[in-house]
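One structure is given below, encoded as structure tokens.
Note that the structure is a prediction, hence the values are computed from the model and not measured. Order of appearance sets the numbers: ligands from 1, and atoms from 1 within every ligand.
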Amino acid sequence: MKILVTGGAGFIGSNFVYYMLAHHPEDEIICLDLLTYAGNLQTLDAALQNPKFKFVKGDIADRAFVFDLFRKEKPEVVVNFAAESHVDRSIENPEIFLTTNILGTSVLMDASREFGVQRYHQISTDEVYGDLPLDRPDLMFTEETPLHTSSPYSSSKAGADLLVMAYHRTYGLPVTLTRCSNNYGPYHFPEKLIPLIITRALDEKPVPVYGTGANVRDWLYVGDHCSAIDLVLRKGKVGETYNVGGHNERSNLEVVKAVLRELGKPESLITYVTDRKGHDRRYAIDPTKIEKELGWQPTYRFDEGIKVTVAWYLENKSWWENIISGDYQAYYQKMYQDR
Ligand code: NAD
Ligand code: DAU
């Protein structure tokens, strides 16, 4: 199979590239990525040594460029990870979220139609379902839960999801869609909660917790997300949506404390800061469909995944130090200095 992976220089996309090269050495992977602040070519250093892998820099929303790439490369499968992915940035400036996440998705699907792609797979998020109350642990997101978004980010992802299903119904594009809960693991950009805690605590810097830290997220080790996508590509039913999650709900405070414990750092680093606007209270995925229909099972428990992740950040200091010493420093000042 010749697979076009968009957003493959980011967190989940790069983990997927490595997963596929390891599990399906017969497949060819082309990575299309714009290398925004979140994309890092260094992450793909090892993949670039593999003759089955090729990197192309470009914008998924650039129609002429994308059509040209499809004409040259003729991918059989497209997996779209490319997105603006950080909720806080979408609250600051929504526009680029609409361009990349919605327009970019439609351009990729138009090219997929034109060049007869056999499968277009869209990577979506549990955030499209909105949030759940903290005092109703019985409630979970199923594939039938109505879309009900809170942030410009989640609204842009929901817009893309609706387009994906519309392209299937209207044009018969062979699509599949996965909605996953919060991922964590190697190559996670240090603006997101877990890598932010790790990298700041290692520097003995305060660790910012929004509000009271009571908000709940449902954590999944990134490798388990990759295995779910692979399974959906090979066995999933065209036109279907699959929720992906591993029943690992934790409050933010529990997550922060677990990471500090693993690092051997004191809880006195925790600093409570003003809450995120429109902050979703709880996410919880019901993964019954992908488990029952496709036989998917996650392999990492949360405590195991945190151990592996902390160890990776300790062993790969130069990866995140390069990021923090660059643009990211200015971003951190802007977002947190008066908070
Ligand atoms: P990320 O921000 O780490 O990576 C995004 C990548 O997309 C970067 O490499 C960036 O350079 C690239 N990109 C951005 N705009 C582009 C454009 N216009 N053209 C080409 N490339 C572009 O994001 P991530 O956390 O790896 O998320 C990947 C996907 O998974 C996103 O669609 C996100 O919505 C979804 N998702 C993420 C999570 C999570 O916990 N991180 C959970 C569920 C779903
Ligand atoms: O649920 C899937 C989503 O998970 C993905 O669609 C998004 O792309 C991804 O960024 C992630 O969104 P969250 O908003 O849940 O992730 P984030 O790491 O930004 O925040 C996790 C929780 O931690 C959230 O409740 C906000 C809180 N938080 C975050 C940061 C950055 C803090 O308390 N302090 C912080 O400094």
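E84 and R89 are not joined by a salt bridge, as no carboxylate oxygen comes within less than 4.0 angstrom of a charged side-chain nitrogen.
Contacts of E191 with ligand 2, taken as heavy-atom pairs under 4.0 Å, involve the backbone alone. Contact annotation for N101 and ligand 1: no heavy atom of the residue comes within less than 4.0 Å of the ligand. Here D33 has heavy atoms under 4.0 Å from ligand 1 in both its backbone and its side chain. Contacts between A61 and ligand 1, counted as non-hydrogen atom pairs separated by less than 4.0 Å, are absent for every part of the residue. Contact annotation: for N182 versus ligand 2, heavy atoms closer than 4.0 Å belong to both the backbone and the side chain. At a heavy-atom cutoff of 4.0 Å, ligand 1 is contacted by the side chain of Y153 but not by its backbone. Using a 4.0 Å cut-off between heavy atoms, V87 contacts ligand 2 through its side chain alone, with no backbone atom that close. Neither the backbone nor the side chain of V273 comes within contact range of ligand 2; no heavy atom lies under 4.0 Å. Proximity of F11 to ligand 1, defined as any heavy-atom pair under 4.0 Å, is shared by backbone and side chain alike. At a 4.0 Å heavy-atom cut-off, ligand 2 touches E127 through the side chain alone. No part of H86 comes within 4.0 Å of ligand 1, judged by heavy-atom distances.
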Report task. Please assess Y129 against N243 for the test side-chain hydrogen bond (donor to acceptor under 3.5 Å, both in side chains), listing each intermediate value before the final yes or no. Result -> CA-CA 11 Å; Y129 298 123; N243 280 355; 2.8 Å; yes

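With S154 contributing its side chain and S151 its backbone, the two residues share a donor-acceptor pair below 3.5 Å. Y242 contributes no side-chain N or O that, together with a main-chain N or O of L177, makes up a donor-acceptor pair within less than 3.5 Å. Here the side chain of N50 pairs a donor or acceptor atom with the backbone of K52 at under 3.5 angstrom.
Ligand 2 has at least one atom lying under 4.0 Å from a heavy atom of H279.
For atom 43 (C) of ligand 1, the nearest non-hydrogen atom of the protein is C180 O, 3.4 Å.
Crowding of K74 atom NZ: a count of heavy atoms from other residues, nucleotides or ligands under 6.0 Å exceeding 12. Annotation: E321, atom CD; neighbour count of heavy atoms from other residues, nucleotides and ligands within 6.0 Å is above 12.
If you number the atoms of ligand 1 from 1 as listed, the ones under 4.0 Å from a heavy atom of G58 come out as 19 (N), 20 (C). Atom numbering of ligand 1 starts at 1 in the shown order; those under 4.0 Å from a heavy atom of L35 are 11 (O).
Around atom 13 (N) of ligand 1, the closest heavy atom drawn from N15, T36, N183 belongs to T36.
Looking at K157 next to ligand 1, an N or O pair under 3.5 Å apart turns up.
Closest approach of T309 and Y184 over heavy atoms only: OG1-CD1, 3.5 Å.
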